[in-house]
Protein chains: 2
Amino acid sequence: MPSAFHSHPLSRFVRKCESIAPLSDAERQAILNLPIKVSALSARQVILCDGDTPTHCYLIVEGWACSYKMISEGRRQIVAFHIAGDIPDLRSLHIGTMDRSLGSLTGVTVALIPHDSLRDLIVRYPGIAAILWRDTLVDAGIFCEWITSLGRRTSFEHIAHLFCELYLKLRAVGLANGHGCPLPVTQNDLADALGLTSVHVNRVLQEMRSRGLISLSGRQLVISAWDEVVRVAEFDPTYLQLEMRAVE
Amino acid sequence: MPSAFHSHPLSRFVRKCESIAPLSDAERQAILNLPIKVSALSARQVILCDGDTPTHCYLIVEGWACSYKMISEGRRQIVAFHIAGDIPDLRSLHIGTMDRSLGSLTGVTVALIPHDSLRDLIVRYPGIAAILWRDTLVDAGIFCEWITSLGRRTSFEHIAHLFCELYLKLRAVGLANGHGCPLPVTQNDLADALGLTSVHVNRVLQEMRSRGLISLSGRQLVISAWDEVVRVAEFDPTYLQLEMRAVE
DNA sequence: CGTCTCTTTGACTCCGTTCAAGCTCCGTGG
DNA sequence: CCACGGAGCTTGAACGGAGTCAAAGAGACG
């Protein structure tokens, strides 16, 4: 129960926007004045389904969600993890029908923002439109890294790369602590994001632990040997476009 | 030497925009009036390199290019194929430094558009900005499919899926013919896009041929059994957001 | 006609999967 | 307070899809 309780539901979103470009007072106020409906969901719920045509956007206020695709025989591919401040289905604002599903991984609280209000916001404030567009470009950069990891990195490198990415993303919105950050997903969820089986994820995690690179237990990831993990993953944070501001 | 010779270098780009949303005469004219510098490159050239900070955007007028990432030991992952009408580095307009490289696959002719002119265009015509934003969202949808293919589809399904995607993309800009389309890339290029080795791509292609699904030779792909290929790939074209207009 | 790039083939290897079982932790109810 | 149950984690053994290595064909082009 962190600070989200005491602050505006959209505060982490504002923070994320400001990490992309400065906001004027009017812009910040316009965002905070968006008419939202906050609601809480339990873990492992489907929020939006492939093919849906939503009339609202979902903003993650707290908790973890993911975008995923299902194909035959129960195969699932997670294509993105979403944390506080993300708008996973911003796409639906421009493209009516969902081409992937959105689900909660943990319990999440979301803010629903009507498409109309968002459209109005970006017409009145082109600067905000630019920030959101830029955000979708950063997400595209993340997709490229995932593609590269899936196609050409070993499973060890892939997992190391993902951990670096998640840690920095969480840190950028003030959700990391020292060398650690929450990672409230099962090894099976990780496997579905990595294109591996949970058995193999487990084995690689053990090797990372035994080499003293990380520790992971109780939904908490600690990257004990950051430099070494960065090195084996060949991790270059440029694509995340985070100006590393101080941790709150 | 098709019609690109006789028409404006940006005509396929205009066409692509119009396949996303209607353009007013003023908007179309504004695009065609962009100050461009057309230039021709030979095959297998690096156009932009990971880390570069270009001051122009490249628009593909003719030929094939690709975005890719290089990692250690010469490993290459192609993350996107680009054809006539695409602006592969639109991202550089909003995010200064490239997080991937851009190279020619075949000989290509490109149009260089200064960032300033493009920025001016989208400020004066928010409708064009919306189209370009939407285009980056469609590209993100393509990335998701590639991630799903890499992570959870068999190599056979993956290749079938890619062929469906490429065929429809080419058809949408009038570059397909009947059940066929150009595919002027080597099996090695395909392998680097599919996350496989060229040896294995070769074997899968042979199986597809022997099953009568496709033929591929002389840089020309023919999908002889479209329905069957769609079925095995579980291909759903929604993510491409193409309103299937008549082939020119 | 020779060279260079691309495709094809075969034999062997290995990374990651599959299947199956046991273990650990934790919340719940008797 | 402890027994129970279930989800998630861990382990082992056997398997298989795709990689590796190496060499031989096929085209394309000058």
Side-chain angles (χ1 to χ4, degrees), chain A residues 42-45 64 66 71 73-78 103-107 149-162 182-210 214-221 232, chain B residues 42-45 64 66 71-78 103-107 149-160 162 182-210 214-221 232:
Chain A
S42 57
R44 253 144 252 293
Q45 296 310 111
W64 282 51
C66 70
I71 60 175
E73 293 158 71
R75 287 175 289 179
R76 176 177 72 150
Q77 177 67 43
I78 292 179
S104 61
L105 289 168
T106 67
S149 287
L150 282 158
R152 288 290 181 240
R153 289 197 242 259
T154 65
S155 54
F156 195 96
E157 293 167 347
H158 189 172
I159 295 180
H161 200 278
L162 179 64
L183 186 64
V185 304
T186 65
Q187 292 183 5
N188 196 51
D189 294 330
L190 281 177
D192 282 346
L194 295 159
L196 300 169
T197 57
S198 58
V199 172
H200 197 245
V201 168
N202 183 279
R203 288 177 176 140
V204 174
L205 288 179
Q206 309 223 19
E207 194 191 335
M208 296 181 95
R209 279 191 274 245
S210 75
I214 62 154
S215 71
L216 172 58
S217 68
R219 327 266 91 156
Q220 186 75 13
L221 168 70
V232 307
Chain B
S42 57
R44 250 145 254 293
Q45 297 310 112
W64 283 51
C66 70
I71 59 176
S72 62
E73 293 157 69
R75 289 175 288 180
R76 176 178 72 151
Q77 177 66 43
I78 291 178
S104 62
L105 258 12
T106 66
S149 287
L150 281 158
R152 288 292 182 239
R153 288 196 243 260
T154 65
S155 55
F156 194 97
E157 293 167 348
H158 189 172
I159 294 181
L162 178 65
L183 186 63
V185 304
T186 66
Q187 292 182 5
N188 195 51
D189 294 330
L190 282 177
D192 282 346
L194 295 159
L196 301 168
T197 56
S198 59
V199 171
H200 197 245
V201 167
N202 184 278
R203 288 179 174 137
V204 174
L205 287 179
Q206 309 224 18
E207 195 191 335
M208 297 181 94
R209 278 191 274 246
S210 75
I214 63 153
S215 71
L216 173 57
S217 68
R219 326 266 91 155
Q220 185 74 14
L221 168 70
V232 306

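Naming: A, B, ... by sequence-line order, numbering from 1 per chain.
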Practice problem: Give one of base, sugar-phosphate or nothing for Arg153(A), where a contact means two heavy atoms less than 4.0 Å apart. | Solution: nothing
Quiz item: If you look at every strand shown and take non-hydrogen atoms under 4.0 Å, does Arg75(B) touch a base, only sugar-phosphate, or nothing?
Solution: nothing
Exercise. Find which nucleotide of DNA chain C each of Thr154(A) and Gln206(B) is nearest to by heavy atoms, and output the residue with the more 5' nucleotide.
Key: Gln206(B)
Quiz item: Is the distance from OP1 or OP2 of dT10(D) to the nearest side-chain N or O of Gln187(A) less than 4.0 Å?
Solution: yes
Practice problem: State, to 0.1 Å, how close Glu157(B) and Arg75(A) come at their nearest heavy-atom pair, and which atoms those are. | Solution: OE1-NH1, 3.0 Å
Quiz item: Taking all non-hydrogen atoms of both residues, which atom of Leu150(B) and which atom of Leu194(B) are closest, and how far apart?
Solution: CD2-O, 3.3 Å
Self-check item: Bounds of contact between DNA chain C and chain A, in 5' to 3' order, using a heavy-atom cut-off under 4.0 Å
Solution: dG16(C) to dC19(C)
Quiz item: Which angle, to the nearest 10 degrees, lies between the helix axes at the two ends of the helix from dC1(C)-dG30(D) to dG30(C)-dC1(D), each defined by five pairs?
Solution: 30°
Practice problem: Round to the nearest Å and state the distance from Asn202(B) atom CG to dG19(D) atom P. | Solution: 12 Å
Quiz item: Atom CZ of Arg219(B) to atom C1' of dA28(D): distance rounded to whole Å?
Solution: 10 Å
Quiz item: Can you find a donor-acceptor pair, distance only, under 3.5 Å between Arg203(A) side chain and dG12(D) base?
Solution: yes
Quiz item: Could you state the CD1-C1' distance from Ile159(B) to dG17(D), rounded to the nearest angstrom?
Solution: 13 Å
Quiz item: So, does Thr106(B) use its side chain to make a donor-acceptor pair with the main chain of Ala43(B) at under 3.5 Å?
Solution: no
Quiz item: Does any residue of residues 192-200 of chain B have a heavy atom under 4.0 Å from DNA chain D, and if so, which ones, in number order?
Solution: Gly195(B), Leu196(B), Thr197(B), Val199(B), His200(B)
